[in-house]
Amino acid sequence: MAILITGGCGYIGSHTCLELIKAGQDIVVLDNFYNSKPEPLHRVEELCNTKIKFYEADIRDEAALCRIFEENEIDTVIHFAGLKAVGESVEKPLLYFENNVGGTVTLCRVMNKYGVKRIVFSSSATVYGHNPVPYTEDMPVGDVTNPYGRTKYMVEEILRDLCTSDPEWSVVLLRYFNPIGSHESGRIGEDPNGIPNNLMPYVLQVAVGRRERLSVYGDDYPTPDGTGIRDYIHVVDLALGHVKAVAYARSHTGAEAINLGTGRGTSVLELVHAFEKVYGKPLPYVIAPRRAGDLPECYAATDKARDLLGWEATRNIDDMCRDAWKWQSENPMGYGE
Ligand code: NAD
Ligand code: UDP
């Protein structure tokens, strides 16, 4: 039986494909290249010496999905495909609802048609909104501030309703914290389009000279050094969490939300200084005003992932900085054209 990976050419998807193959799983990948290229999958094939079955397809295209389910023995879907830029979602909310929510509804309709009722979904810590930290999975969610976050919350609710309607469904809602880093080979990594919104990709582009300096958004938060705190998680640990989540989905029914984080918070300046250790020199930065909508701190409670999945992150901030820098220094322009 194969696992269908939607959005498998993206940052988290490509790393997860590699770990699934290493764990002996059969996979089929689909992507429409909206935010990726074929190259990462070629590199995954190279790293594991395995040919990967790939479809260039859109999750909103029902006929294309049907063909994939007809041509393959799929029993589980890992659903990464989605748009993820918060700013863009504010400007183009309909695109986000159509792609992330509408696309997921189409995918689930086709899954139902072919009797495939197991899905692992890429949700986000953003659904916790203004809850106190650490975030536990039983907290009320949905207090989100932008359309991107709302699509994650809405899809969580849709998938829960699906489980209520049909007890054969198995849904794992993985709430990611802040994935950074890359595979230790430095062959695959994060390659954002345009000016990066997220901290680590920005740091990396300053380090290779593509940007002049980092702006640290606010040093007056109620945190020890005044800068924002996040739960950064190594993307390989995150990928391994998906291997465990598939095993869980295959042996349970119903819906479960599970945090994938380290449980440890790191401030912007702590991350910059950890990065400087591998970079070997100071990273140019300035203190800038707070970014609208940012929370002072965000980190996970990790007990549920440990208890249900038997999974814990094992890589620390220094590992994340080392591997991120290996990727960016060896691929300064990412995957290129
Ligand atoms: P990414 O953009 O690198 O990967 C997403 C992939 O999905 C891309 O390859 C894109 O081309 C593809 N895609 C988008 N819409 C599609 C469609 N309609 N049909 C087919 N393919 C489509 O993003 P990522 O960082 O790897 O994130 C993967 C998932 O995890 C996303 O759903 C994202 O919202 C979620 N997530 C990411 C983060 C993060 O910080 N990276 C945090 C929380 C949740
Ligand atoms: N941040 C920053 N400069 C940047 C990008 C981000 O200081 O160029 C800060 C941001 O304010 C937050 C942290 O870094 O405190 C993580 O931001 P990111 O966008 O990576 O993740 P998110 O805020 O979505 O958790």
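Counting starts at 1 for both ligands and their atoms, following the listed order. Values reported hereafter were calculated over all heavy atoms of this structure, with side chains retained and with hydrogens, waters and symmetry mates removed. Keep in mind that what you see is a predicted model, and the values were worked out from it rather than measured.
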One finds that the ligand 1 atoms under 4.0 Å from a non-hydrogen atom of Tyr34 are 11 (O)

Any N/O of Ser124 closer than 3.5 Å to an N/O of ligand 1? no

Does the distance from a Lys or Arg side-chain N to an Asp or Glu carboxylate O, for Lys304 and Glu137, drop under 4.0 Å? no

Could you go through ligand 2 and list every pair where one of its N or O atoms sits under 3.5 Å from a protein N or O, giving the atom names and the distance to one decimal?
unit_1: ligand 2; atom_1: 3 (N); unit_2: Ser215; atom_2: O; d: 2.7
unit_1: ligand 2; atom_1: 7 (O); unit_2: Ser215; atom_2: O; d: 3.4
unit_1: ligand 2; atom_1: 7 (O); unit_2: Tyr217; atom_2: N; d: 2.8
unit_1: ligand 2; atom_1: 11 (O); unit_2: Asp294; atom_2: OD2; d: 2.6
unit_1: ligand 2; atom_1: 17 (O); unit_2: Arg291; atom_2: NH2; d: 3.4
unit_1: ligand 2; atom_1: 19 (O); unit_2: Asn198; atom_2: ND2; d: 3.1
unit_1: ligand 2; atom_1: 19 (O); unit_2: Arg291; atom_2: NH1; d: 3.4
unit_1: ligand 2; atom_1: 19 (O); unit_2: Arg291; atom_2: NH2; d: 2.8
unit_1: ligand 2; atom_1: 20 (O); unit_2: Asn198; atom_2: ND2; d: 3.4
unit_1: ligand 2; atom_1: 20 (O); unit_2: Leu199; atom_2: N; d: 2.9
unit_1: ligand 2; atom_1: 21 (O); unit_2: Asn178; atom_2: ND2; d: 3.1
unit_1: ligand 2; atom_1: 23 (O); unit_2: Arg230; atom_2: NE; d: 3.3
unit_1: ligand 2; atom_1: 23 (O); unit_2: Arg230; atom_2: NH2; d: 3.4
unit_1: ligand 2; atom_1: 23 (O); unit_2: Arg291; atom_2: NH2; d: 3.1
unit_1: ligand 2; atom_1: 25 (O); unit_2: Asn178; atom_2: ND2; d: 2.9
unit_1: ligand 2; atom_1: 25 (O); unit_2: Arg230; atom_2: NE; d: 2.8

Contacts of type salt bridge (charged side-chain N to carboxylate O under 4.0 Å, His left out), residue Glu45, not counting sequence neighbours: Lys51

Looking only at N/O atoms, are Ser123 and ligand 1 under 3.5 Å apart anywhere? no

Check each heavy atom of Leu30 against ligand 1 and say whether those closer than 4.0 Å belong to the side chain, the backbone, both or neither. side chain

With respect to Tyr176, determine whether any N or O atom, backbone or side chain, lies less than 3.5 Å from an N or O atom of ligand 1. no

So the atoms of ligand 1 within less than 4.0 Å of a heavy atom of Tyr148 turn out to be 33 (C), 34 (O), 35 (C), 36 (N), 43 (C), 44 (C)

Please list, in number order, the atoms of ligand 1 under 4.0 Å from a heavy atom of Pro179. 39 (C), 40 (O), 41 (N)

Please enumerate all residues that pass salt bridge (charged side-chain N to carboxylate O under 4.0 Å, His left out) together with Arg43, with sequence neighbours excluded. Glu39

Please determine if Ile59 has a nitrogen or oxygen closer than 3.5 Å to a nitrogen or oxygen of ligand 1. yes

Residues which pass ring pair (Phe, Tyr, Trp, His ring centres under 6.0 Å) with Trp325, listed by chain and number, not counting sequence neighbours: Phe275, Tyr279

With a 4.0 Å cut-off on heavy atoms, is Gly8 in contact with ligand 1? no

